[in-house]
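Some notes on the structure that comes next.
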There are 2 protein chains.
Amino acid sequence: MTLKELARRLGLSPTTVSRALNGYPEVGESTRLRVIAAARAHNYHPNARARSLATGRAMAIGHVIPVSTHHEMVNPVFGDFLAGAGAHYAEAGYQMLLSVVPDTEEAATYRDLKARGSVDGVIVHAPRRDDPRIALLNEIGLPFLVHGRSSGAARPYPWIDVDNRRAFERATRFLLDLGHRRIGLVNGPEAMDFALRRREGYAQALAAAGLQADPALIRSGEMTEAHGYRSTRDLLGADAPPTAILVSSMIAAIGLRRAAEEAGLRLGRELSVITHDDMLSYLRNGEAEPLFTATRSSVHEAGRRAARMLIELISHPDTTPREQLLESDLTVGQSTGPAPAPDRRAGWRS
Amino acid sequence: MTLKELARRLGLSPTTVSRALNGYPEVGESTRLRVIAAARAHNYHPNARARSLATGRAMAIGHVIPVSTHHEMVNPVFGDFLAGAGAHYAEAGYQMLLSVVPDTEEAATYRDLKARGSVDGVIVHAPRRDDPRIALLNEIGLPFLVHGRSSGAARPYPWIDVDNRRAFERATRFLLDLGHRRIGLVNGPEAMDFALRRREGYAQALAAAGLQADPALIRSGEMTEAHGYRSTRDLLGADAPPTAILVSSMIAAIGLRRAAEEAGLRLGRELSVITHDDMLSYLRNGEAEPLFTATRSSVHEAGRRAARMLIELISHPDTTPREQLLESDLTVGQSTGPAPAPDRRAGWRS
DNA sequence: GCGCCGTCCCAAATCGTTTTGACAAAGAGC
DNA sequence: GCTCTTTGTCAAAACGATTTGGGACGGCGC
């Protein structure tokens, strides 16, 4: 069913039908009702491509997911982020375009998206320090929103991000208050900006307590279960193991738990742990009482807000705020407790 | 840069330029080379919408992800599946359209996708028994491929699926061979077809050994960590706890491990466990030696194959096979061992 | 009766491609 | 030299919407 066909059946011109359906005032109310009824009856939906060819707007947002060519890692938070964003797109009448491309072709993909007019804007995922994508998108003039930030970017750019520095600063302070002095950090890949900021917050809290971050207590890598396990095992096996560890994700924290159990350490007793919790739907942090003490921030919600913000940005480029900082809360669970007394520590370490 | 503009610069007609770029034989070789060079120089990419308006093909595949209105659960395997499918789409020049919709509006979404001509076909996720989407898609004439199967569908339909029945039959047999007699099943939601088939395989192996599936040993629910934990705790706390448990996913298996550790049971000793492993990128089943004994099948690879199959189906509807059954392998890890002798069991149970 | 102004509608152009049908120019066969 | 094919190119018509610039009709004021 096309517009022309519908118009013919109604004995009207395509113009009038189009205006009636799109709410323009130039059409009589009775006519409008007649048109709307007929459209519904014949299950008429305007062809998306024809429409956007005519209007010049794609009514679609792109998400480019780079896949590293060696280790085909899919960030587990993508699913929830996309679900959140997608929910808003659906409400706003936008479509979501997903491009999964080798990281070597990412730039070409953005150019392509722009040149073919496939999308009105894109969300940039997993920004790194000095991320080249920001300059690129500015250059080709494709509206974008960064999920996260990129330290060192030359000019201001629109972003939404969790206050990672503050979250980890606070978590570290919490551990310090409990008497911990040797605190480990199992971080994400430090090429990622969020990991950098978390490390800064961690170091800052230590410095404020007159301590210095010990490089031997810091590990970074892809946030897999295996990374959490390996890093924790290494840290615990060292000469002066930490009494507390900060972890960058629930997935890694699960690996940590495995390592801790292997070493015979109980969380919240001999070893304290705080993790960041993205509130993934399939990985809730306990039920009534949280399992892990955690800095929490819903990535699903971040996706929803990101989508809203980008769409606003596209339709009202001048009046839309271009930055949004999300706070995370610190929920205290069973995985933290006072630092063990030195003598007890000596006991279980032997 | 549009086709018309490029043609003007070259002193050719749009027709010729279009033909040159699309490899039609009616254009001279020297002209073709000249056109291609100019297109590259001016970074010309044909407008995707105009093109597909003219050709009638959207060059896009839709994935409709229903989100339950109460518990906004995002299936953790979606990420890897989409990454696999997306990789193939990119190669084949297709775009991937993601629709996240409340499950109540799923049917409307399919109709919409078809009526607006947004996609050439769709992948149906997470089919249930007698899934109404199959009839719907047949009715509206939108090509589709089901990831999984739907018992009770009236007519044949194209699908790709893991042999879930066989995998769980084999896993159960493996446990029986180790001497286990009370075997629990922590399954996915039994409205899902895959869960049904796994249960069948489980029951079948028990029956072949002269045993009957005990409903008290079966739990089903969303495959979260919490579900794995709760179900295991319940099973272990019962009067006659199982000595082995089958789990439907790694995520649930992690919850199981937590419950087992709480109960003081060591995996592969007092409690044997086999899980299904979708080979998620962030949740590898151990490194050199697998952590869990598992039935393995890469959902990333399934996504890739699904994409290929659907595109083939769209371009050659008659010659493409319409069904693909993937085998899973059984990898033996540290989580299984011989059934504990009754006396030992009595010991650790008290 | 005349001019003017809303109201309601329409014909035609436009978006950027592909595709159909036709037409010159050049070579081939007689 | 004349016709008959190729060969290479083009003008124009799709595709299905939106949007621009009017135009017919009736009612109103004078």
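So that the names make sense, note that chain A is the first sequence line, chain B the second, and so on, each numbered from 1.
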Practice task
Just call it for A:Arg49: base, sugar-phosphate, or nothing, with non-hydrogen atoms closer than 4.0 Å on any strand.
Solution key: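 Nothing: the residue A:Arg49, judged by heavy atoms under 4.0 Å, touches no strand.
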Practice task
Under 4.0 Å between any heavy atoms, over every strand shown, what does B:Thr31 touch: base, sugar-phosphate, or nothing? Just pick one.
Solution key: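 Here B:Thr31 touches the backbone only, sparing every base.
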Practice task
Between A:Gly11 and B:Tyr24, name the one whose nearest nucleotide on DNA chain C is closer to the 5' end.
Solution key: A:Gly11
Does [X] pair with [Y] as a salt bridge, N-O distance under 4.0 Å?
X	Y	result
A:Arg32	A:Glu29	yes
B:Arg304	B:Glu91	yes
B:Glu105	B:Arg111	no
B:Arg129	B:Asp193	no

Exercise for the section: Consider only side-chain N and O atoms of B:Asp112 and A:His45, and report whether a donor and an acceptor are under 3.5 Å apart. Expected result: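 Looking only at side-chain atoms, A:His45 and B:Asp112 do form a donor-acceptor pair, the distance falling under 3.5 Å.
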Exercise for the section: Indicate whether any N or O donor in one side chain lies under 3.5 Å from an N or O acceptor in the other, for B:Arg49 and A:Ser52. Expected result: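 Note: B:Arg49 and A:Ser52 side chains meet the donor-acceptor criterion.
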Exercise for the section: Could you tell me whether the side chain of B:Val299 reaches within less than 4.5 Å of the side chain of B:Met279, counting heavy atoms only? Expected result: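 Result no, sub-4.5 Å side-chain heavy-atom pair not found.
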Exercise for the section: Using the closest heavy atom to pick a nucleotide of DNA chain D for each, name whichever of A:Leu53 or B:Thr16 lands nearer the 5' end. Expected result: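 Mapping each residue to its closest nucleotide by heavy atoms, the 5'-most match is B:Thr16.
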Fill in the blank from the handout: Assign each of A:Asn22 and B:Gly28 the nucleotide of DNA chain D bearing its closest heavy atom; nearer the 5' end lies the nucleotide of B:Gly28
Would you please confirm or rule out a distance under 4.0 Å between OP1 or OP2 of [N] and any side-chain N or O of [X]?
X	N	answer
B:Ser13	D:dT9	no
A:Tyr44	D:dA17	yes
A:Arg51	D:dG16	no
A:Thr55	D:dT18	no

Could I get a table of every N or O pair under 3.5 Å where one atom is in the protein and the other is in nucleotides 12-14 of chain D?
{"from": "D:dA12", "atom 1": "N6", "to": "B:Thr15", "atom 2": "OG1", "distance (Å)": "3.4"}

Exercise for the section: Shoot me the first and last contacting nucleotide of DNA chain C against chain A, ordered 5' to 3', at under 4.0 angstrom to non-hydrogen atoms. Expected result: C:dC8 to C:dG16
Ignoring hydrogens and angles, write down the donor-acceptor pairs under 3.5 Å from the side chains of residues 310-317 of chain B, residues two or more places apart or on other chains.
{"from": "B:Ser315", "atom 1": "OG", "to": "B:Ile311", "atom 2": "O", "distance (Å)": "2.6"}

